[in-house]
2 protein chains.
Amino acid sequence: MENVTIRMLAERLQLSTATISKALNNSHEISEETRQRVLALAAELNYVPNPYASSLRKKASNTIAVVIPEVADSFFAEAINGIEAVAQEKGYHVLIYLSHENSQKEQTILKDFQSGRVDGVLISVTTETTAAGLEQLVRDKPVVFFDRVCEEVKAAKITTDDAAAAYRATNHLIAGGCRRIGLLSASRQLSISNKRAEGFQQALLDHQLPLLPNAITYCTNDSAANHQLLKTAFLENNYDGIIATTEKLSTAVYEVCEALQWRIPDDLQVIGFSNLSTARFLHPSLTTITQPAFEMGKAAATLLFRALKSNNFPLQQQQEVIPSSLIARNSTLAKDK
Amino acid sequence: MENVTIRMLAERLQLSTATISKALNNSHEISEETRQRVLALAAELNYVPNPYASSLRKKASNTIAVVIPEVADSFFAEAINGIEAVAQEKGYHVLIYLSHENSQKEQTILKDFQSGRVDGVLISVTTETTAAGLEQLVRDKPVVFFDRVCEEVKAAKITTDDAAAAYRATNHLIAGGCRRIGLLSASRQLSISNKRAEGFQQALLDHQLPLLPNAITYCTNDSAANHQLLKTAFLENNYDGIIATTEKLSTAVYEVCEALQWRIPDDLQVIGFSNLSTARFLHPSLTTITQPAFEMGKAAATLLFRALKSNNFPLQQQQEVIPSSLIARNSTLAKDK
DNA sequence: TTTATTTACTTAACCGATTAAGTAACACGG
DNA sequence: CCGTGTTACTTAATCGGTTAAGTAAATAAA
């Protein structure tokens with residue numbers, strides 16, 4: 001059986017396609033009786049409207065894009081859950097794109113959005129992304145940045161309290177007796193990385209602790225390379241405390257400690273930015289800065305849909321900071337929360 | 001600036017829209033000189049074709065759908081990575097839909113696909129799904145099931161060696177001295193759950209061990225309820241070994257053991273189906289059946305794209321079983337692999 | 001009773017690309 | 001010199017909805 005179109009419905013009911021369309025869209029121009037007849041036949045023939053025809057004409061796709069570096073990180077996985085929950089409720093479709101931490105790929109993805117394929121975009125940028133490629137996108141259509149935002153771009157942003165979280169993390173290590181603290185950063189570019197670094201440095205300053213010359217290690221996206229990088233950094237700096245600012249780096253710390261036979265927390269206290277539900281079962285259980293990933297995704301999507309609904313909503317001025325929480329476990333010694 | 005269309009290019013170059021379209025699609029009907037002029041102007045004006053116009057006419061969307069129960073499970077997260085990698089390479093777009101383990105929602109999602117929104121579907125069904133709702137989908141368009149397949153439906157399937165994996169897991173526990181082994185199952189319906197149960201029972205049989213009356217616990221999708229369910233089952237059956245057939249259930253076992261103050265592996269040996277990269281750092285490190293999630297996603301997508309390329313490809317006959325591996329760690333006692 | 005308004009439709013243009021069918025200009029073999 | 005191809009285009013229909021503008025009939029207002 002061919003695909004059922006509006007024209008087929010029209011012919012069967014001896015009505016015009018316009019009437020069918022309006023009936024299906026609950027236009028007040030259509031009598032209740034006719035509407036019911038249309039709806040009945042549509043149900044009977046299992047009519048499903050062609051989204052491409054509709055999108056073409058209406059210049060709206062009922063589709064949003066989610067652009068993230070990867071999904072294999074429980075933060076992004078949870079964020080997608082939050083986004084999808086809102087999108088499903090609003091009847092929107094979600095296109096997912098992975099930039100694989102590659103700003104070139106990201107640019108290619110974003111360029112395609114000029115086609116009108118999506119009505120709005122939720123994005124968490126790569127570690128390499130600069131403002132340049134984002135300006136146009138933000139000018140063109142509703143965009144909400146979440147987690148990995150781009151400071152220089154004026155746009156809606158959902159973040160966590162990155163500086164404060166790092167500050168708390170550092171304090172926590174200091175309270176646990178650490179004096180040679182290192183920070184593992186994912187990027188020199190990312191504003192959230194820089195904010196975390198700032199919070200870290202501020203805490204050291206406030207406690208009159210010196211910033212080690214190599215206190216901050218900038219990691220790459222290659223886990224083998226990172227492993228080597230960390231090993232070297234650990235040995236050279238003889239840290240007694242470390243803050244891993246991403247989930248992958250948290251795991252990497254455990255690996256390197258195992259390789260170096262450093263005991264956590266005796267030789268090295270560890271605190272990691274992570275959303276792993278298994279953090280409490282790690283050996284030793286990992287003290288985490290846990291971001292409200294699901295809520296952040298939900299908040300970002302909610303903001304976007306609000307902008308899509310009323311186009312005079314001042315989306316670009318929206319900023320929301322959702323606090324993260326420090327959960328003290330056995331990879332650190334301090335008792336405070 | 002308005003969106004650049006093919007007509008604008010045509011007017012500027014004093015050519016017909018047909019010529020522009022053909023030039024952009026590398027038709028042999030167009031002279032090299034003209035093609036270059038078109039390409040140059042398109043690049044200059046930053047022309048991006050409207051996908052909806054093109055899809056409407058060509059009746060092909062260059063888009064596939066991925067329907068999964070959720071992403072907050074490292075198996076699905078990794079699988080998406082695999083799928084997206086292939087899709088990006090082939091120039092396809094990926095719509096993601098979460099069924100939230102709800103077959104009603106799943107049906108709603110699948111029904112929409114009759115609209116022609118997507119050219120093909122990759123799906124891992126819910127714990128409740130029955131064959132009924134899937135027949136039509138498979139008839140309508142290319143579909144590849146992965147991991148959670150539906151046995152009764154004749155369609156392409158990518159799975160792991162579920163029965164064999166459970167058989168190995170059970171053997172492993174027996175080798176470690178377990179005699180009262182339980183299995184935590186995610187569903188009564190799911191074929192992969194049933195296969196895992198079969199492998200489990202076969203191994204018991206082969207070792208002349210009795211199947212405990214409540215050897216198999218069927219869990220729900222509610223983690224609080226599961227917690228209670230497991231607690232009761234553990235206490236009633238006094239297991240000395242347990243196989244958790246999903247990642248979430250693996251974590252749940254750790255939680256329940258903590259609550260009951262059962263020590264792993266002394267009081268209970270645990271083996272879990274899981275793709276967590278942190279399994280080795282759990283306390284104690286978790287013996288896992290690890291599925292090649294990325295590869296499965298990749299294989300499923302590859303199969304789908306092959307079918308999309310040549311429509312005489314016998315997709316429905318394709319079956320691929322990608323072996324999983326048992327990684328022995330400290331949550332079990334056996335030394336074998 | 002006449003005019004204005006409302007109701008319930010229809011007609012036809014339109015969204016932006018693709019493509020079947022048509023054509024003018026030119027080349028070439030016999 | 002004629003017919004047949006080939007090249008490089010154009011014309012116009014088409015995909016399947018949506019919507020501005022039009023209309024006939026019924027109803028309300030003057």
Side-chain angles (χ1 to χ4, degrees), chain A residues 1-39 41-42 45-63 91 93 112-119, chain B residues 1-39 41-42 45-63 91 93 112-119:
Chain A
M1 186 181 66
E2 273 306 291
N3 263 335
V4 185
T5 67
I6 239 177
R7 176 174 297 150
M8 291 171 62
L9 299 181
E11 276 165 13
R12 294 258 198 135
L13 294 174
Q14 294 289 65
L15 289 168
S16 71
T17 59
T19 303
I20 307 294
S21 174
K22 288 174 182 168
L24 293 171
N25 289 291
N26 298 318
S27 160
H28 62 92
E29 291 178 38
I30 305 301
S31 72
E32 185 55 29
E33 190 208 326
T34 303
R35 187 207 315 287
Q36 290 306 332
R37 288 207 302 144
V38 172
L39 260 42
L41 186 64
L45 299 186
N46 204 17
Y47 167 75
V48 184
N50 182 314
Y52 297 127
S54 161
S55 293
L56 176 59
R57 182 63 226 255
K58 294 206 288 189
K59 289 171 175 283
S61 62
N62 262 255
T63 304
H93 299 260
D112 175 74
F113 295 163
Q114 288 179 9
S115 68
R117 188 185 297 277
V118 295
D119 300 339
Chain B
M1 187 180 65
E2 274 306 291
N3 264 334
V4 185
T5 67
I6 239 178
R7 176 176 297 150
M8 290 172 62
L9 299 181
E11 275 164 16
R12 293 258 198 137
L13 294 175
Q14 294 289 67
L15 289 169
S16 72
T17 60
T19 303
I20 307 294
S21 173
K22 287 173 182 168
L24 292 171
N25 289 291
N26 298 318
S27 160
H28 62 92
E29 289 179 40
I30 305 302
S31 71
E32 185 54 29
E33 190 207 327
T34 304
R35 187 208 315 287
Q36 290 307 331
R37 288 206 304 145
V38 172
L39 260 43
L41 186 65
L45 299 186
N46 205 15
Y47 167 75
V48 183
N50 183 313
Y52 297 126
S54 161
S55 294
L56 175 59
R57 182 64 227 256
K58 294 206 289 188
K59 289 170 176 284
S61 62
N62 261 256
T63 303
H93 299 259
D112 175 75
F113 295 163
Q114 288 178 12
S115 67
R117 188 186 297 277
V118 295
D119 300 339

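First the proteins, then the strands, lettered A, B, ... as listed; each starts at 1.
A sub-4.0 Å separation between OP1 or OP2 of dG17(D) and a side-chain N or O of T17(A) is absent. For Y47(B), a side-chain nitrogen or oxygen approaches OP1 or OP2 of dA17(C) to under 4.0 Å. The phosphate of dA17(C) has neither OP1 nor OP2 within less than 4.0 Å of any side-chain N or O from S54(B). Residue K59(A) places no side-chain N or O under 4.0 Å from the OP1 or OP2 atom of dC14(C).
A donor-acceptor pair under 3.5 Å is absent between the side-chain atoms of S21(B) and the main chain of A18(B), judged by distance alone. When atom types are taken as modelled, the side chain of T17(B) and the backbone of A10(B) share no donor-acceptor pair closer than 3.5 angstrom. Without hydrogens or angle criteria, N50(A) side chain to Y52(A) main chain gives a donor-acceptor distance under 3.5 Å. In this structure, the side chain of S115(A) does not engage the main chain of P51(B) through any donor-acceptor pair within 3.5 Å. Judged by distance alone, the side chain of D119(B) and the main-chain N or O of A60(B) form no donor-acceptor pair under 3.5 Å. Although no hydrogens or angles enter the test, the distance criterion places no donor-acceptor pair under 3.5 Å between the side chain of T34(A) and the main chain of I30(A).
Interatomic distance, E29(A) CD to R35(A) CZ, rounded to the nearest 0.5 Å: 11.0 Å. Distance check: I20(B) CD1 to L15(B) CG gives 5.0 Å after rounding to the nearest 0.5 Å. Distance OH/Y47(A) to CD1/I6(A): 4.0 Å, rounded to 0.5 Å. A distance of 7.0 Å separates CG of L39(B) from CG of N26(B), quoted to the nearest 0.5 Å.
For the segment residues 18-28 of chain A, residues with any heavy atom less than 4.0 angstrom from an atom of DNA chain C are, sorted by number, A18(A), T19(A), K22(A).
Atom CG of N50(B) and atom C1' of dC15(D) are 13 Å apart (whole Å). Here dG17(D) presents its P atom at 13 Å from CD of Q114(B), a figure rounded to the nearest Å. Between L56(A) atom CG and dT14(D) atom C1' there is a gap of 12 Å when expressed in whole angstrom units. Look at CD1 on I6(B): it is 14 Å from P on dC15(C), rounded to the nearest Å. Atom CZ of R37(A) and atom C1' of dC9(C) are 12 Å apart (whole Å). As a whole-Å value, the separation of Y52(A) OH from dT14(D) C1' is 19 Å. Nucleotide dC9(D) holds its C1' atom 15 Å from the CD atom of E32(B), rounded to whole Å. Across the protein-nucleic acid pair, R7(A) atom CZ and dG16(D) atom P stand 8 Å apart, rounded to whole Å.
Nucleic acid contact for S31(A): sugar-phosphate only, since backbone atoms but no base atoms lie under 4.0 Å from a heavy atom of the residue. At a threshold of 4.0 angstrom between heavy atoms, the contacts of T34(B) are confined to the sugar-phosphate backbone, with no base atom among them.
Residue K58(B) is the one, among E29(B) and K58(B), whose nearest nucleotide of DNA chain C lies closer to the 5' end (criterion: closest heavy atom). For the pair A53(B) and R57(A), nearest-nucleotide mapping onto DNA chain D gives the more 5' position to A53(B).
In the helix from dT1(C)-dA30(D) to dG30(C)-dC1(D), the terminal helix axes, each the rotation mapping four pairs' C1' atoms onto the next four within five end pairs, subtend 40°, rounded to 10°.
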